[in-house]
Structures are given as structure tokens and as C-alpha cells.
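Values below: every heavy atom of this structure, side chains too, minus hydrogens, waters and symmetry copies.
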Amino acid sequence: MKRLIQKILPHPFLTLLLAVVWTILQNSVSAGMIVFGIILGIVIPFTTARWWPDRPDKMRLVPMLKYCLLVIWDILVANVQVAWIILTKSNAQMKPCWVVIPLELKSPEAITILAGTITLTPGTVSSDLSDEGHSLLVHALDSDDPDAVRDEIKDRYERRLLEIFQ
Amino acid sequence: MSLFLIVALPFLGALLPGLMNSAGRAACAGVTFMVTLATFVGLLTNLPTVLAGELVTVGIDWMPLLGLNVTLMLDGLGFFFACLILGIGLLIITYARFYLAREDNMGEFFTYLLLFQGAMVGIVLSDNILLLLVFWELTSLSSFLLIGYWKHLPEGRQGARMALTVTGMGGLAMIGGMMILGQIVGSYDLSVILQNRDLIQADPLYLPALILILLGCFTKSAQFPFHFWLPHAMAAPTPVSAYLHSATMVKAGIFLMARMWPVLSGTPEWFVIVTGAGLITMVLGAVIALFKHDLKALLAFSTVSHLGLITMLLGTGTAFGAMAAMFHILNHATFKAALFMSAGIIDHETHTRDIRRLGGLRHLMPITFGIATLAALSMAGIPLLNGFLSKEMMLEEATHTVLFNSPMLVPVLATIGSLFSAAYCFRLIGHTFLGPQRDDYPAKPHDPPVGLWGPPALLATLVVVIGVAPFLAEPFVKLVTASVLGGVVDVPDAHFKIWHGLTTALYMSIIAVGGGLLMLAIFNPALRVWDAAPRPEAKRIFDAIIAASVSLARKFIAPLHDGSFSRYAAIMAVTVLAVGYHAWTTGTVAPATRILQPANFVQIAGWFMLVAATVGMVFLHRDRLLSLILIGIVGLMVSVGFVVFSAPDLAMTQLTVEVVTIILLLLALNFLPNKTPIESSVTRRTIDGVIAVAVGVAAAGLSYHYMLRDTIIPSISEYHLANSYKGGGGTNVVNVILVDFRGFDTFGEIIVLGIAALLIYALTETLLSGPVRARLLNRKPDQPRAGNMHPMMMVVMTRVIMPVVLMVAFYIFWRGHNEPGGGFIAGLVASIAIVMQYMASGFGWTSARVRYPYHGVIGAGVLIAGLTGIGSWFFGKPFLTSDYTYVRIPPFEKFELATAALFDLGVFLAVVGAVMLSLESFSRLARRAHVDDPDHPMDIDPSRDDETTKAEA
Amino acid sequence: MELLVASAIGILTAAGLYLVLRLRTFPVIMGVSLLTYAVNVFLFASGRLTVGAPPILTDATTYTDPLPQALVLTAIVISFGMTAVVVMISLGAFLGGNDDHVDDPKPEADAGDAS
Amino acid sequence: MTHWIILPIVLPAFLAPFIVLAARYHIGIQRVISVTGILALIGIAAGLAWQASDGTVSLYQLGDWAAPFGIVVVADRLSTMMVLLTAVLALFVMLYSIGSKWDDRGRHFHALFQFQLMGIMGAFLTGDLFNLFVFFEVLLIASYGLMIHAGGTVRLRAGVQYVLFNLLGSTLFLFALGSIYAETGTLNMADLAVRVALFDPLQSSGIRVAAVLLLMVFAIKAAIVPLHFWLPSSYAEAPAPVAALFAIMTKVGAYAIIRVYTLIFPPQLEAISGLHGWWLMPTALVSLVVGMVGVLAAKKLDRLVAFSVIGSMGMVMVSISLFTPEGIAAALYYIIHSTFAAAALFLITDLVRAGRANLNLTAQAPIAGGTLTAALFFIAAIAMAGLPPLSGFLGKLLILDAAFESDIMVWVWAAVLGSSLVAVVGFSRAGSTVFWKARSVAPEDGAEIAAPPATLSYVAVGGLIALLAAHTVFAGPATAYTTAIAQDLFAPNAYVTTVLDTPGKLSDYQDDSHDDDAAESDDKVEEDGGH
Amino acid sequence: MTLLSTIMDVCLYVAFITVSVAQVMAMIRLWKGPSTGDRILALDTMVINAIGLIVLLGIVQGTQIYFEATLIIAMLGFVSTVAYARFVLRGDIIE
Amino acid sequence: MITEIALTVGVIISLIIGLFFTGVAGIGLLKLDNAMSRLHAPTKAGTVGIGAFLMASVLHSFLLGQGSFHEFLILGFLFITAPISANFMAKVNLHRQNCTPPPAPPRDDMWATLNVPEADRELADPQELA
């Protein structure tokens, strides 16, 4: 039974996401469309399941939502900072630097989310992964102390992600 | 026998020798002989009618609208020539049976011979001048085959080609002449044309027609200056020479002059051209003949000379001349055929035809000697032989002919011609048969079997019989002459007699014979003079002309068609520009009916970016990646432009296509060099630039012109707007047009896409199974590749994005009928989603997990679209007729079900299949053999650490 | 506005044609693509330019001419297929001969004389 | 409404994907389907031709939409004749490609072949200008596939040029279509005929340019000098059966010129006066000459044949550009002839290839199956050069006859007759070198004796020759028919009214501006007035 | 209210101009380069700005009709960016 | 009325935010002097700018009474895809060596992008090709 469900619903979150996307796409909420969205949410992951073979680690939904809100806030704030830097500092004053972040996260999904977060929050761009996937290379636009950046990222994001993807 | 059968028999019979080839040589020859005999007999059955002076005509329609009909007519002239053709043909067939060597293909030979014979009979029996032309050219073609029969001999091939070229040229000219005649008269029927002498001669086109027709006759009859092909045609086997040059091919021109005599002759133009050409030919041929050492060449030039004689007679335009000509045709046929066959016998027996190596054959080959001597003396104009009679008549006629106001010119030249004629005849006898017997013949000569000497002997008998008793031939010749004259003038009542009294002609004749003997006496010194004298060698001139035209043609064609695409394209651009400009300036420009709409800052900025990217493409195109990026901008800006100008569907299509195109070009660029070197000169670039700018200005101007003017009547699209919802059930009019109003276009379009994909696939297969494969395997990247083929972020994101994009694709498809979107765009979006997966996890991993072969998807798409179209047949509606209805299934809202959506589904599938198959094929090329398919979708995955350690442990 | 569009068509055409007249397949294909853009816009403009009136039936009274849009859509897709094909064929030619000139190489003097 | 008219398009359009879907890996099944399909096509085409033979114009409204709003397919005498011609040609070409196993030297030959047929049929049948473009593209893209079938660097290189040139042509086509739509607001040919007639000579520039742009497009297809450059290499390098099938492709251009320039832009129209003779006739004459001079200049047999195709197209175009019923009738007769003749020659060229290293016009050891091949070449060359007794000669006579009234009759005659002579010289040189001179060359020691071509190949070529013979023998009926077609073309009323006055879907409650102006259809039900 | 809508109109106009200027600046970056990475970045920026332009257009015209077009640009713009980048990195974008 | 005013003000604010950030993105792209720094400007300033425009669009649609929120979808896409684009462009810069060399990773051998396959190492230096 579980197998069957697994086969039909390989990625429940994806199904949910698709149903939501469908509803947003319709630009109106109606029962019929939501049902239809769910149907699509089942059919599409089913047909593409071969390309997402492994089931990801369990993800905790509530901390994830919290994390999202945090990120959005950070994006807004940091954007202003970056804009300020760009508009006010001259090129010579800027101190771009590399930041290396040793990763405790193992799951690819988590690492990806972390990297994405780093990029979205201005001032930092996640640039590369080490060849075994144990560190993340981040470029900071203007920072005096790369270690501070590293610690902040580890503390602010990676820690939370570790909680979400236990 | 019906005339149809007479003409058709040789053609039908031509099939037999080929079929009988395996039955043996005798059977081949036998069947040919029987066919010819049957034809001959069939012809003779019409003799009584002809003798009664009646026309035998038959006809059926062939191309009545053109006036080309198969109408045949038999009168005295036709009968005479047909008799010659068939009669001599019978002798030739007999002779050839024994002449041809064992390794010669008998069947082939007789097939050609019968074809030729049929064509000749066709000429003389045609009542329709177009039909006559058909047979006329057929003789050229079949004689080409006959002359080139010995394919291994270069002389044979060249002679054949020369004959075909010259006579073919004449034939083509004659087509022109004949068609003018037909147009003047309003009919191509000979019987009608012959009635319209005055009409024709009064027409301004008479002279061109005359010249064109005479060109045909002269080339065929080897008149000066077209005489040169005939000697080279001697490379043919002797039976062919004998046939072609005594009785048939060359006589065709004479026949035609005789045939057209009633309408064409009698004018000064005719007289000057025909008589002049004839005289020159006669003298020239005779002179050259004397100095030829090859027996057949000698005979060939003598033929030329005699044809000139006949032509001259016809040219005089008098009835007596015509009669003399007809008589001489008969006589010439008899003695010349006999002589050719004798020459063939000599060649056959001694293995040489060179007079200088012969001599003294009279004791070794007495029979041949007898025949040849009789025939040659006849040719020389010795009394009691038939040649004398007609030559007398010719000289007689010559004394009455005044050319260029000079009464002496023609007689003197005629005498000179006769003199040389006599001389070469004597030389032929003297140097071949008389003199001491030699012991250095290439082969031991002796008389041949009766099969070879029988036919010429028969002819020699005729020579003597007519020569002694001309009155036997007289009624027949007069009958023939009557039909030549065609009632324009009466047949002269002069009788054929051996003795006319001491006339001027006789004196001339005596001078000729005497002079001929003298000439032979001083032959050796004369030969030295001749050899020393510079003279144009016709063959060399002809070859030079042909070689020059070929090389000229190559100089003209080769550089023009050297595969330079850039020049082709430039020429095309300039042509279109020039033609368009011409059309534009010859018309009148209407005043503008629309006002210019103002442009705002954004549009100007967009324009600026588009232009910057475009100009960038021109100046930076050598960096190929950069030009790809720039074209991305162009595409983006054009799409935004489409959005601005109210075309969201277009914008979406343009964008998606853009992305796919760029992916495709990047895949290709992987193999191509990344830079374009500078190769063209500055001049070249300037010229190209000027052309490009000119065309650009034209395009801009044209478009500006149209945009400021309204259509002549409001566009049909008003109907589409009005009926899109009513008739097509959709509010997105563009989509309704695509899948409904003009669904057929779309059907074609998805087929184009499908074909493109199939083609790409097929070519990939071909490349991968050919030599290219090895090269691909050994290929090195032209720059170091970065590590991490399948980055983790990309892979993970794709897992989420791809399903979403697929859903969006579905959404676009779903909504397409009413909102911007549709099967196309959905298909492209879906393909891009799949491409994302390919880019993320690589070709091997991804394609190993593809469920359906893309071929099948394309096929299914096209079939679904097509079947939707066919479905409407079952409702009695035409292909692609759409219908729609609204359905309500709880819990869903009411939604629309349209057949157009099914059609769109076909479009969707076809697009997905086509795009994917193309991209897949491209990337298959790039796969290097040593790369194994990875087991994992991403290269780096720390979560696999545990597995690795486990595996290591 | 019309002037902008018309001149854009002209510039695209000119640039496209210039690239078409180049000697290597890649710029030529780029040129053909530019020409395709030019002609698509040209065809589109044959329905005259209208801002803000997409042919999606609503309550509006005026719409832009939908027919040229449908035609251009067809043309875009077809020219995509064509581009894919020409890219593939030229790639095949390049891989076979390791030469991406569009023009044929100058022929070596091969004898072909009939006599 | 009969569905037969659409079948020549739909049948191949179904067979091709079916072959791809179901018989991708089975050449035998593909062959059976292909040949059966073509036989069916011949049957259908013959039926259509028979139906149209009394001058009936049959209309098929796709999607049930009345012209000019939807696309229509029109079967009149001209189009059905071309369709039948294509189908018959296809049969022999297909037999040859099976016989010579050309179809097995690459993938998807049969599918592409069917698609190609679909494109050609569609181009002949459609009554809509943009749809004509679509079918042009279908036939072109299929032809690209067929042309590079079996690959090879030289062929691919020629293919690149061929494709690029045609892409430029397609671009030009779109420019022309844009111009035409911008001027007239319609795409249906019959409707265009009505609308173009309304043009005032004082507003003619735009429509004139549109007219010549369209003409240029078709001229490219018809390979008229100086737009013919794509032809020699591509035809020479294409696989023989493909080149043979291409013999009909140039005719598509000729067909389109005939159709468009008698129906939409007829010569007597004032607004576009002076465009017909001005460019077309001189260039047609030049094409004729260039083609035949090319025959003389060719160093390879396949190029020789390709140039002869240009020449024959020149001949066709000379006749067409007279724009008289006689001229068109002659051109149509010649089109049939030259299609078969060119196809036969291309196939024979391939037969010659058997046992020869290349097709250079040099003496090489005798080819396998030489005598029969030589005989076939001789006949086909006669036909192509326009010598009697075959239809080439008759066609030439017809053209000369038609040109008699022309102002530049002398030039026409000189070009037609002169180029024939050049062709004769060219063909005889080539033939005597390839077939005769070969006898004097001993085969190389140890050289393997190539197997002669398959019987089926000979049957195919023989069939084409037989068709030529039949075209000659039945020249009377054939010319009568082409004359009837030409008369139809110069009295297009039946065509126009059939197309425009047949009601379609929604016709009973619609009205459109068109009818008011065309003012020809009184029987149309008009209920609600205008928009 | 009318004042507000006037302000809104002005803002819209200014926004148009800003986005256009940003586009032009990206274009200049694309011309200047100097590295391929910069050019890809410029292209990516232009794609994103194009979304902005179309969204603004939608606001001005008060219509939702351009939504699909915007969506597609957003979805696919990055595909071409990735393709270009992959090309520079690996040569082969699908391997 | 109040909602209308609020919505209008919201639109205005969103527009101003949007134009500010898109402007900054453009300036940054032009102004910054090294490739890696330039990467920062548009990938996020731009994203937020467009996000604000989308917000304006949403608000505006409510203002017109045809409320729509599907613009968020576009925003979502931008936010998901922007990091990947940035990541790839950073990789390009790393590979083409258009930036200062990064420090070595603490636990692994080297950065993935710089891990050029053995076979390619003898090929030309990427710097020259850049």
C-alpha cells in the first residue's frame, strides 16, 4: 500500500506546490480548479518521476515557512544595503572577497536552498561547491571580514536548515 | 499497301534484328532483308496509281492544334526516292551481311540501318512538313548511330558527332524555315503549301524561310561550306557509306529542294544561292577528290561534287534543269553505290584503302575490276554509260545559265568540274586496278564471294542498261520531274538520247574527258603542287570551333557556377532589388491614407537596443558566442516589440523559439570553430555592405510605404474577428485562426517541424555510421572544460522547476483558445522544460529515463492532428472542420470541449517530439565514446558520502 | 512609430544580408536568422501597427489585425525548423571536411574532356 | 462535397508518420507502404483529373470555412494535371530507388519521400497564397532531407548551399506575402484576383512591387537565370532518385507563375502593366541559353543533366512568358515532357555510375550493363535536346509556333533553335565519351566487374521513357488538353466564382465587406448587414 | 484621487524611463564586455528588465493579457543564461 | 474609496521601489569594475526591482477591480532561477579566471569548477581564450 502511494505520489510536496501553482495560474479560486490542480499535481510528478528518483529527506513544513519569511525580510533589508554600497562607494573603496563556508548540510536539497538563500540575500553570491561537496564558495561584494560573513551565514541560515532537514 | 505501313514497317522491323541477334548473323540479315523487301513490294503495289499521275494520300491526326499530322503522300518524286532507298537498301543489306566481321554486332547494325531506312522513307513520303522535319532529324540521329557504329575507332566517334552536329544544325534551321512557311500559308500540309507559290514568294519572310530551309538542305547534302562532314562520315562501315552517300542521307537535301522547288524556286535569291553553292561544291569537291588517297575519301568528295552538280541544276530553276537533276540522281545512285561497294570489297580483301598502296589489282580481282571500272567510267561521263547522259544534260543546262551577268561563268566552271571529275575517275581506275601487280599488299587480294560482288554487279548492269537504252528510263524520269515541277511549269519534251549532235555540251564533255586524262598524266607534279598549297583543313576548323565553343562555354559557365554561395546570394539580392526598383518606379505612388503614430521614449529605447544589437552582430560577428548572445538580444527586443504592438502570442512564440534556437546553435557551435577569421578583402566587404544597405533601405521603405496606407478593401481578418467566437468557440482570435480558420497551414507547419526533426535524426545516424564517427571519437575540446558537469544546484532546482514549467505548458495549452497561448507555445515550453532536465543531468542519464521515443511522439502528434481533421468526414464535413461544446462535469465548472483543442494537442505533441528529437540528435553527436553514462543525476552529492564509505569498506 | 519599425526592419535586413554574404556557415546562419526576424516583423507590420489592442476578444471595440499574427506565428515556427536543419547540415558538412566555408573549395583541375 | 480532392495531400501526410511510427526499422514494410501509397495516389489523381477534365472546378473548403476566410483547395484542370504528373513520376522514381537500394542508404527515406509528395501536391492544389508558402516549405524541407540522404561531405556541402539559398527564397516569399497582404488584405488567390483588379493605376507602386517579389520567389523555384544558382550542384549531388523527383520541383515554380500571373496579375491588368514581358522573357531566354551552354561546358555527367534541367526550364519559361493561351498550352505540354525526360536522365546517370569510379566525362572502362544504359541515355538525351521523334521536339515546335506572333520572335526562335544545337553537341560529346570511347579502354587488371544495375531500375527508367513515348504518340489529345487548360486560365471566371461563391460554415448568417465590392455573388444569403 | 492617479502616471512614466535606461546600460555592458561572463550577465539583466517593461505595460493598459508572455520570459530567460554559461564552461551544453 | 487610495499609494510606492532598484541594478552593472562584483548588482537588485513592479501590477489590478495575484508566480520563478543563473555566471568567471583566485576549500581538494578533467589540462590556458 505504501509502495503504491509512493508510486502515485512520489513527491507530495511537489504535488502540493503544483496544485498551488495551478490555482495561482487560474487567477481565481474555485473548487473545480483546485481539484483539477491536484489531479495535475499527481499526474505530472508521476510522469516525471524517473528524473527525480530518490525521495528527499523529510522536511519540516513550519520551520520552512518561518525560514522563508526570514529570507524575504533579509532580502529586503540587504537590498537596500547593497544599493547603498553601489551608489555611494567608489570602486576603490569596495572590498570584494571570497568566503569559504564549510558545510554541515549533506542533503543536496538543503545545500541548494542554502546556496540560493546566500545568492538572494544581497552582498553575497554562492559561486561554487568544492569537489566533494563539503564546502561552499561565496563571493561577498563588500566585506572587511570574510570570517564574519561566514559565521553569520552558518548561524543565520545553515543552522535553521539543519533543523528543517533533520 | 497503305503508306502508313510502308513507313512503319522499317521502324517496326527495327525491333527484329535486335531480337534475332542470338539466332545468328544470317537470321539477322535475313529478317532485315525480308522487312525491306516487304516494304519495297508494298511500295510497288502503289505503282499503278503513281503511274496514272494520281496522288496517293493517307492521313491521321496527330497534333491537329499545331498542324502536325501524320499525313503521307506518294507521288512520282516520292516514289522515285522511296524506290532508290529501298532498292539500294536491299543490295546494301545483302552486301553488309558478308561485309561485317564476326565480332561486329549484327543485330545492332541492322536495327540502326532499318531505323535509318524508315526515317528516309518517311521523309520522302511526308505530306506534312513538320512530320517531314521529324523524319529529317531522325535520319540525322540514326546516321549518327550508323557512322559511330565502330565505337572503338576515334574517327568513327568524331565523324558521327560531326555529322550529327552539322546536319542537326541544318535541321534546326530548317525547323525555323518550315515553320515560317507554315505560318505564311496557314498550314503545314505540303499539298497546301505547294499551292501557294505566289503567297510565299511575296511574303517578307520568304527570304529568311528560304535561307533557313536551304541551310537544312545544304548541310544534309554536304553543299559548300558544309561539305566537310561527309568525308569524315566515311569512318562508318562501308555498307553504311555506300547507303548514306549514294542513295539516301545526302540525297535527302536534294529531295527537299526538289520537293520545295515549286514554291521556292524561280526567284533570284534561290537562283543565286542554290546555283552558286552547287557550282562551288561541284568544282571544289571534284578537285579535292582527285588528290585523296583514301578510296572512300575520294568517293566521298566525288559525292560532294555530284551533289553540287545536282544542286546547281535545281538552282537554275528551269524545268530542264530539274529533269536533268532527277535523272542524275538516279544515275548517281547506281554508279556511286556500286563504287562504294567496290571500294569496300577492296578494303575487305586487301585490308587497305590507300590508293598509293594499291595498283595492279585487275588480275587479282577481275570481277571487282569490271564492276568498278564500269561505274567509274560512268561517273566520268563516258558515253554508253548512264553518267554520260545526265552529265550531258547538265552541261547543256549550264550553257544556258547566266550567273552574275556572266554567260561564261557557269559553263566554264561546269567544264572544270567535269574535268576533275573525269580525272579522279581515271585515277581511281588507273591507280587501283591498272599498273603493275605489287607484292606488298597488306593481305592477299582475291575476288570476294558472290554476296559481296553481287549487289554492285547488279548496279553496274543498271548503269550499262540505262546508258545504252536511256529511253527506258525516260518516262519514269519525266514522271518524277512532273511531280517536282508540281504544275508550275510543264515537263520539257526533250528526249533522252545518246547522240544529240555536235552541241556545245558535247564539246565541253570532250574537253572534260580529255582534260581528265591529261590531268592523270601530270598527276604526280600536280599532287606536289597540291600538297604544297596551303588550304584550310575543314576538320581542324570544325574541331577548333567546337573546342573553342566548349572552352568558351566553360570559361563562361564554370566561374559563374563555382559553388560560391556568397556570390549567388549577392546576385540574388541585386536581382530582386533591381526588379523591385523597376516595378516601383514604373508605377505611381498613392498618397498616404494613414497618419504616423507618435513614438515614445520607451519605444525609441527599445529600437535603440535592437539596432545596437543588430549592428553589433555585424561588427562583432567574428566572435561567434558573442554574436549568439547578441542575437538573443535581438530576439528579446523583437518579442518585446510584439508585446507592445498587441501580439502576445507572437511574443511568446518568438521567445520560446529563440531559446530553443540558441540551445541548438550552442550545441552546434560546440563543434565549430569559435571565431570567424577575416578572409574577405575590404573591397569585398564594402561591396557587400553597399548591397546589404541598399536592400535594407528597400525593405524599410517598402514596409513604411505599406504601413502608411490602407488595404484596398478592409482585410478579411474582420471576418475572423467577428466569427472567431461564434464559429470557432475561442476568444483568442490568433489561436482560432491557427487551429481553425487556417488550421491547414498549421497542419503543414507541424509537418515541417516533424520533417526537420526526422531529417536531423537521419543525418545524425548517417554521420555516426560514417567516417565522421571516428573523428568525433577522437575529438578534443578546443578549450579546457570546467569541472562539475552536472552541478548540484541546477539538478535540484530543475527537479522542482521542471514539473512547474510542464504545468505552465499545460496551462498555456489549456487556455490557448481563449487567452494568449496554444499548442505551439505549450509544446515549445514543454520541450524547454525537458531540455532543462537534459542540461541539468546530462544526456545519458536523462535520455535513459525517457519514456517514449520522440519519433513516436512526432508521429502521434501528426496523426492526431490529421485524424482530428479526418474525424469531421464522419459528420459529412470537410477536413479539419471544428466543432465545440460546453460540458459540465462536477466538481468542475462548465468548460469548453473543442475539436480544435484535439488538433492543438496534435500540434503540441508534434512540436515536443520535433524539438526534442532535434536536440537529442545534436547532443548525440557530441557524445564521446569513452564517457560512460553516469549513474547519478549530479556529480557532487555529499549525501552519497555514506554509500561511498560503505562501498570502500 | 511606423518609422521606427520600418527602419528596424531595414537595419535587420541589411545586417542579415551582410552576414549572409560572409564566407563561413556560422555567420551566414546568423544572417539568415536576422533576415527571418526582419521578415517576420515585416509580415507583422503588414497588418499595420496598433498599440494596446491585442486580438483577444473582450468588450473592446478595436483589435489589431490578427491574421498577420497567425501568419507570422506559422512563419516563426517554420523558420525554426529550417534553421535547425541548416545548422545540422552545415555541421555535417563541417564534420566531414573540417571546413566551414559556405563556398565550394576551388576545384582542382580534373580532366573531363570529351573527344 | 467530395473529400477526394484533399486526399492527394492527406494520404501521404498520413502514410509518412505511419511509416515513422510503425515501420521505422523495416525497410520492406516501408517499401510496400510507399509503393501502395503512390499507386493509390495515382488512382486518386487520375480520378480527380478525370473529374476536372470537362472544365469543372471543384472546391474543398478546409474547416468548412468559405473562401477567402478559410483555406480552400481547388482542383481544376491545371492543378489536377500537375498532381497526376507528380504521382506518376513518383511511382517510377520510387521503383528506381527500391531497385537501386538507394532508399536503404540512410534513414527515413520513405517518410521524407511521402512528405515531399504531400508538399508538392499541396502546392499544386491550394487556392491560398500563404498556404502555398506552407506547402513550399513542406516540399522544401522534405527535399533537404532527401537531398542529403545517405550523407557524404560533398553532398552535405552542396546541401548547405541549397538549403541556404532556399531559405533566402522563403524569406523573400514572406516579404512578398507581407506586401500582398498589406496592399490587398487577403490571401486567397481568387479573392486576390478580384481585389487586385480594383487597383487604380495611380496607386500601383505597392502592388507592382508585391507582384514582382512574388514573381522572383517563383523564379527561384523555377531556376530562372540569374536565380538558378542553387540548382546545378544540388541536383548533381543529390541521390539520383531524389534528383529525378526534383524534376517536378522546378515545375512547381513554373506552375505557380502560371497560376498567379494569369489569375491574380493577368497581363491585361492596367495597374501592373509592363511587368510581364519586361523581365521574364529576357531572363527566360538567357536561362535557356545558359542551361544548354552549361550542358556543353559540363565536365561531369550529373552536372550536365542538371544544366539541361535549367535549359528546359528556360524553354518552359520562354513559353510561359508569352502569356498567351498558345504559349501556356505549349509550356504545359513541355512541362510534362521535361519532367519525365529530366527524371529519366538523372536515373540513367545513376545507372552509368555502376562500375565507374566517377561521373567525369572521361573514358573509363565500360560500365556494367552498358549497352542498355547507352540506349536509354540516347533516347533520353534525344528527348531532352528536343530532337524528334520524342515529345521534346513536339514541345519545341509548339513553343516556336506560339512565339510566332511575339514581338521578339526572332530572339525566341534563335535561342530555342540555337540552344538545341548546343545541347545536341553537348549530349553527343558526353554520350560518345561515356559509352563509346569506353570501348577503347581496357578494364583495369584485377578490377572487379561491377554487377549491372537491378532489373527494377531498368524497369523504372524504361517506364519513364515509355511515358515520354506515350506523351509523343498522344500529343494530339495532350495538346488539346493543355490548350483547354490555357483557355481556362485566361477565362478565370469559373475559378473565381466557384471559389468565392460557395457558401461555407456560418455563411447563412454572415455578411462581409468583400461581397459588396466583388458584387458577383448575388445568391449569397445576406441577413445581418456588416459589422 | 486624481492627484494620486496623476502621480501614479508620472511614476509609471519614470519607471518606464528607468527601466529603459537600465536596459541601455546593460546593452552598453554587453558591448563593452570585457569577458564573456559579463556579456551573459548583461543579457540576463536585459531579460529581467524586459519582464519589468512588460509588467509596466500591463499596468499602463490595465490588462492581464501579457501575463503569459511575462511568465514565459521569467521561466525561460534563465534557460538561455544557463545554456550560454554551460557552453563557456563545458563546450557541450547537454552532456 | 479608502481602499482605492491605499491601493494607489501602494502602486506608487511599489513603482518607486521598483524603479529605484532596477536603476541601481543598471548602474551597478555599468559601474563596478570586476566581473564578480558586477554579478551582485543585477541578480538581486534587479530581482527586487521587478518584484516591486509585479507588486505594483497586483495592486493595480485590484484597483481596477479585476484582482489578480498570478504575478506572484513570476516573482517565484525569478527567485528560484536567479541563484542558478548567478551560480553559473560565477562559475564562468571562475573558469575563465576573471576574478581573484579563491582560497582552497578546507576539507576537499579543490573547487568543483576548477577541477578541470585530466585530458584537458594540456590545452590552452583559459585566460587566453577569454
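Chosen from A210(D), A182(D), G145(D), A158(D), the residue pairing most often with chain B at heavy-atom distances under 4.5 Å is A182(D).
Between W279(D) and H582(B), the angle of the ring planes goes over 60°, which puts this pair in the perpendicular group of the 30/60° scheme. Aromatic ring pairs are classed by plane angle as parallel below 30°, tilted from 30° to 60° and perpendicular above 60°; the pair W65(D) and Y719(B) is perpendicular. The aromatic rings of F744(B) and F747(B) sit parallel to each other, their planes meeting at less than 30°, with 60° as the upper class boundary.
L213(D) touches chain B through its side chain: at least one heavy atom from C-beta onward sits under 4.5 Å away, while N, CA, C and O do not. Contacts of I9(D) with chain B are made by side-chain atoms alone, with heavy-atom separations under 4.5 Å and no backbone atom involved. Using a 4.5 Å cut-off between heavy atoms, L215(D) makes no contact with chain B at all. Within the 4.5 angstrom heavy-atom criterion, no atom of F903(B) approaches chain D. Only the side chain of L227(D) comes within contact range of chain B, with at least one heavy atom under 4.5 Å from a heavy atom of that chain. With a threshold of 4.5 angstrom between heavy atoms, H149(D) does not approach chain B through any atom at all. Contact of A150(D) with chain B is made through the backbone alone, with heavy-atom distances under 4.5 Å. Looking at I858(B), there are no atoms closer than 4.5 Å to chain D (heavy atoms on both sides), in backbone or side chain. In this structure, chain B has heavy atoms under 4.5 Å from both the backbone and the side chain of F199(D). Both the backbone and the side chain of V209(D) come within contact range of chain B, each with at least one heavy atom under 4.5 Å from a heavy atom of that chain. Neither the backbone nor the side chain of F109(D) comes within less than 4.5 Å of any heavy atom in chain B. Of the atoms belonging to R157(D), not a single heavy atom falls under 4.5 Å from chain B. The contact between L205(B) and chain D is made entirely by side chain atoms (from C-beta outward), counting heavy-atom distances below 4.5 Å. P208(B) does not touch chain D: none of its heavy atoms, backbone or side chain, sits under 4.5 Å away. Contacts of I6(D) with chain B are made by side-chain atoms alone, with heavy-atom separations under 4.5 Å and no backbone atom involved. Residue contact with chain B, scored on non-hydrogen atoms closer than 4.5 Å, involves the side chain of P232(D) exclusively. Using a 4.5 Å cut-off between heavy atoms, T483(D) touches chain B through its side chain atoms alone. Heavy atoms of A558(B) lying under 4.5 Å from chain D are absent altogether. Using a 4.5 Å cut-off between heavy atoms, V473(D) touches chain B through its backbone atoms (N, CA, C, O) alone.
A search for side chain to side chain donor-acceptor pair (under 3.5 Å) contacts involving N69(B) returns nothing, not counting sequence neighbours. Every residue meeting the side chain to side chain donor-acceptor pair (under 3.5 Å) condition with R742(B), not counting sequence neighbours, appears here in chain and number order: D745(B), D128(D).
A donor and an acceptor atom, one from each side chain of S432(D) and R161(B), are located under 3.5 Å apart.
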Practice problem: Before giving the answer on ring-ring contact (aromatic ring centres under 6.0 Å, His included), spell out for W873(B) and Y60(D) the whole-Å C-alpha distance, their side-chain angles and the decisive distance to 0.1 Å. | Solution: CA-CA 12 Å; W873(B) 289 357; Y60(D) 192 82; 7.4 Å; no
